[in-house]
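Chain letters run A, B, ... following the sequence lines, proteins first and then strands; every chain starts at 1. In this text, all values refer to a predicted model and were calculated from it rather than measured experimentally.
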Amino acid sequence: MSKEITNKDKDYSQWYNDLVLKGGLADYSAVRGCMVIKPYGYTLWENIRDVLDGMFKETGHVNAYFPLFIPKSFLSKEADHVEGFAKECAVVTHYRLKNDPDGKGVVVDPEAKLEEELIVRPTSETIIWNTYKTWIQSWRDLPILVNQWANVVRWEMRTRLFLRTAEFLWQEGHTAHATSEEAVAEAEKMLEVYANFAEEYMALPVVRGVKSANERFAGAVETYCIEALMQDGKALQAGTSHFLGQNFAKAFDVKYLSKEGKEELVWATSWGVSTRLIGALIMAHSDDKGLVLPPKLAPFHVVIIPFISKNPDETQALREKANEIKSLLKAKGIRTQIDDDETKRPGFKFAEYELKGYPVRVVIGPRDLTNGVAEVARRDTGEKQSVSLENIDQTIDQLLEDIQKNLYQKALSFREEHITQVDTWDEFMDVLENKTGFVSAHWDGTPATEDKIKELSKATIRCIPLNNKLEEGKCILTGQPSKQRVLFARAY
RNA sequence: CGGGGUGUAGCGCAGUCCGGUUAGCGCAUCUGGUUUGGGACCAGAGGGUCGCAGGUUCGAAUCCUGCCACCCCGACCA
């Protein structure tokens, strides 16, 4: 069958690609490293976006939009920042094409060279802080709590659908504050927003933490992150929030006059999540039959499949009943689709909607109609039950809640089982190789040791969990004293 | 950027080693019919610059040279 997907255990990467492509989320495009997000995948993104956007508004943020292009000079104003992004920037050098003198299409017009080259934004700190300079004069102008939904480009060497593409969609919040404390509080607050979103909506348990110096965002003083675990035991950073200190205020000379009449540098944060979340969603819950989507984000909650009968009257009655159920569900805010396509057989449809991850399937045939029931199947466990048509809306409403909870619980158990404490290097390597997942181990706190561990094991420090328990110990690599355990893992 | 692999119909592939009629198969598509409680069946039809550009040859999907694209694994990254 053309729709068959690779078994997860056989080839996890191929399984993932199959889900994305055959599940109808995205396609490869004509441009290297760039993907086409198809309607089904885009709806998923819209659902993610809408919920997050509501959360941002709830926490006092407003949306704005800044240019796609950044003057090259801006990027070089913050030393760490340039270094972090310089290697993966797309650059616009010309502004015009002309007909090829040899008659073969168009060529870049050498006459149309830009005075100053433009960088396609890999992130917007620089263009935004250059703008904030003009917005901020007084303490009364602060804080600025702005978010933007945008695309960014990072010219990655190696790309993967949703997880790492050259162009991707995201949101980036950029805030300006009068004090360091306020900015830190903002960064922490937004991390918590992300964590809540991941857990409540994506049914994805995450570890909240801070990054080590090596893994910190280029230009940040502190990077907070949420880390999730995928079914293959690899970690995935699902969101980050940065306390930028005064680095960008210094670089762009953004100062305000305090209540005391003193000129002060502004404090900053930035935070973002991207379409990568869709990759996380896929890898966290799906199985060998296809996607498994949490109800709170699934494009559709329910598909109703009426059986087609030989008897036209019966078929008509089934269609009507399907519509009736749909209306009932719709009244409860349940997103429902009816598939009464007569050219496809039921078995085909079952497989198709399982592949697409619809949380609930409702099947209704002549026998059900007589008995006043429908067959309701849940995607997460595959269980089927005969349900009375009387209060099917309530049953399904409850079922969707159960599915959402069950997905979270399943992912949580998996995550808990895959955080392993180790105290020796041999154990460390053994867990990474065989058990996989997060490894909680002592580290002497130096970047050099972290690099060495990465080199030897391919594992990185995913984070130092927030409110981490302090505990005396010895670094698994160097034996030097350590005050706390940190989480290592191989990661996406 | 290194290593490996693949480019032949919308998708998946065979054919390439060893050149030779009209390039084939499965799925999908279209038409007609029979079907429909877990990926239906029968009959017929349409669909191809064999990745691109050169070259060798009477003759190239097949041999030679160059290029390009994509996938996988590594280094780098959200």
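- With a 3.5 Å ceiling on both atom-pair distances, the Watson-Crick or G-U wobble partner of B:rG2 is B:rC73.
- Taking atom P on both nucleotides, B:rG20 is separated from B:rU62 by 10 Å, rounded to a whole Å.
- For a distance-only test at 3.5 Å, the side chain of A:Arg154 fails to qualify as a donor-acceptor partner of the base of B:rC77.
- A donor-acceptor distance shorter than 3.5 angstrom exists from the side chain of A:Asp339 to the backbone of A:Asp341, with no hydrogens or angles considered.
- Of the side-chain N and O atoms in A:Arg345, one or more sit less than 4.0 angstrom from OP1 or OP2 of B:rG37.
- Atom CG in A:Asn17 sits about 9 Å away from atom P in B:rC71, given to the nearest Å.
- Taking the side chain of A:Glu88 as heavy atoms from C-beta on, and the options B:rG38, B:rA78, B:rC77, the nearest nucleotide is B:rC77.
- Between the side chains of A:His81 and A:Glu83, not a single donor N or O lies within less than 3.5 Å of an accepting N or O.
- Using C1' as the reference atom, B:rG12 and B:rC70 are 16 Å apart when rounded to the nearest Å.
- Residue A:Lys344 places none of its side-chain N or O atoms closer than 4.0 Å to OP1 or OP2 of B:rG39.
- Between B:rA78, B:rC71, B:rG38, one nucleotide has an atom nearer to the side chain of A:Phe168 than all others, and that is B:rA78.
- At whole-Å resolution of the value, CG in A:Leu21 and C1' in B:rG10 are 14 Å apart.
- In a base pair of the Watson-Crick type (N1 to N3 plus N6-O4 or O6-N4) or a G-U wobble (N1-O2 and O6-N3), with each distance short of 3.5 Å, B:rG54 is matched with B:rC64.
- Nearest nucleotide to the side chain of A:Phe348, out of B:rA78, B:rG38, B:rG39: B:rG39.
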Under the side-chain hydrogen bond (donor to acceptor under 3.5 Å, both in side chains) rule, what do A:Tyr492 and A:Asp232 come out as? Steps first, then yes or no, please. CA-CA 11 Å; A:Tyr492 278 99; A:Asp232 63 346; 2.6 Å; yes
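- The base-pairing partner of B:rA78, taking Watson-Crick or G-U wobble contacts with both distances under 3.5 Å, does not exist among the strands shown.
- A distance of 4.0 Å separates OG1 of A:Thr460 from CZ of A:Arg462, quoted to the nearest 0.5 Å.
- For A:Glu352, counting side-chain heavy atoms from C-beta on, the closest listed nucleotide (B:rC77, B:rG39, B:rU36) is B:rG39.
- Taking atom CD of A:Glu314 as the reference point, atom C1' of B:rG37 lies 12 Å away to the nearest angstrom.
- Here, B:rA60 and B:rA40 have their C1' atoms 43 Å apart, quoted to the whole Å.
- Checking A:Lys326 against A:Gln337 by side-chain atom types alone, no donor-acceptor pair falls below 3.5 Å.
- Among the protein residues, A:Leu236 comes within range of no part of the nucleic acid, since none of its heavy atoms lies under 4.0 Å from any strand.
- Annotation: of the two residues near RNA chain B, A:Phe85 and A:Ala351, the 5′-most nearest-nucleotide partner is A:Ala351.
- Along RNA chain B, the nucleotide nearest A:Trp170 and the nucleotide nearest A:Met157 are compared for position; the residue whose nucleotide lies closer to the 5' end is A:Met157.
- Taking the centre of each ring, A:Phe217 and A:Phe243 stay at or above the 6.0 Å mark.
- Pairing partner, B:rU21: none, since no Watson-Crick or wobble contact has both distances short of 3.5 Å.
- Candidate nucleotides B:rA75, B:rC72, B:rC76 were compared by shortest atom distance to the side chain of A:Ser13, and B:rC72 ranks first.
- B:rA45 is paired with B:rU29 under the Watson-Crick or G-U wobble criterion, all donor-acceptor distances under 3.5 Å.
- We find that NZ of A:Lys87 is positioned 14 Å from C1' of B:rA78, with the value rounded to whole Å.
- Picking from B:rC77, B:rG37, B:rA78 the nucleotide with the shortest atom distance to the side chain of A:Phe307 gives B:rG37.
- Among the protein residues, A:Glu227 comes within range of no part of the nucleic acid, since none of its heavy atoms lies under 4.0 Å from any strand.
- Using a 4.0 Å heavy-atom distance criterion, A:Thr315 is classed as making no nucleic acid contact.
- Counting non-hydrogen atoms under 4.0 angstrom, A:Thr240 reaches nothing in the nucleic acid.
- For the pair A:Glu125 and A:Lys77, the salt-bridge criterion is not met [side-chain N within less than 4.0 Å of a carboxylate O].
- Pair assignment for B:rA40: B:rU34, on the basis of Watson-Crick or G-U wobble contacts that are both within less than 3.5 Å.
- Side-chain polar atoms of A:His61 and A:Glu186 form a donor-acceptor pair below 3.5 angstrom.
- Among the nucleotides B:rG39, B:rA75, B:rA78, the one closest to the side chain of A:Lys458 is B:rA75.
- When each of B:rC76, B:rC71, B:rU36 is scored by its nearest atom to the side-chain atoms of A:Lys454, the top-ranked nucleotide is B:rC76.
- When the C1' atom is used for both B:rU31 and B:rG37, the distance is 29 Å, rounded to whole Å.
- As rounded to the nearest Å, B:rU65 and B:rC77 have C1' atoms that lie 37 Å from one another.
- Comparing the C1' positions of B:rC58 and B:rG47 gives a spacing of 32 Å, expressed to the nearest Å.
- One C1' atom belongs to B:rU56, the other to B:rC11, and the distance between them is 35 Å to the nearest Å.
- Rounded to whole Å, the P atom of B:rA9 lies 22 Å from the corresponding atom of B:rG5.
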For side-chain hydrogen bond (donor to acceptor under 3.5 Å, both in side chains), just list the numbers for A:Asp53 and A:Trp149, CA-CA rounded to whole Å, side-chain angles, deciding distance to a tenth of an Å, and then say yes or no. CA-CA 9 Å; A:Asp53 200 60; A:Trp149 290 95; 2.8 Å; yes
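- Side-chain contact check for A:Thr6 and A:Asp11: no donor-acceptor pair (N or O, by modelled atom type) lies under 3.5 Å.
- The CZ-C1' distance, from A:Phe162 to B:rC77, rounds to 19 Å in whole Å.
- Look at CZ on A:Arg164: it is 11 Å from P on B:rG74, rounded to the nearest Å.
- Aromatic pair A:Trp267/A:Phe248: ring centres not closer than 6.0 Å.
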Could you give me the CA-CA distance, side-chain angles and deciding distance for A:Phe488 and A:Phe428, then say whether ring pair (Phe, Tyr, Trp, His ring centres under 6.0 Å) is met? CA-CA 9 Å; A:Phe488 288 88; A:Phe428 181 76; 5.1 Å; yes
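- Here the side chain of A:Lys310 is nearest to one of B:rA78, B:rC72, B:rU36, namely B:rU36.
- If you check every strand for non-hydrogen atoms under 4.0 Å, A:Glu156 touches a base.
- Interface remark: the A:Lys384 side chain does form a donor-acceptor pair with the B:rG38 base, using a distance-only criterion of under 3.5 Å.
- Taking side-chain N and O atoms only, A:Arg158 has a distance below 4.0 Å to OP1 or OP2 of B:rG74.
- Near-neighbour residues of RNA chain B inside residues 356-370 of chain A, defined by a heavy atom below 4.0 Å, number-ordered: A:Arg361, A:Gly365, A:Pro366, A:Arg367, A:Asp368.
- Of the listed nucleotides (B:rG37, B:rA75, B:rC72), B:rG37 has the atom at the smallest distance from the side chain of A:Glu375.
- As a whole-Å value, the separation of A:Gln14 CD from B:rC70 C1' is 13 Å.
- A straight line from CZ of A:Arg160 to C1' of B:rC73 spans 11 Å, rounded to a whole angstrom.
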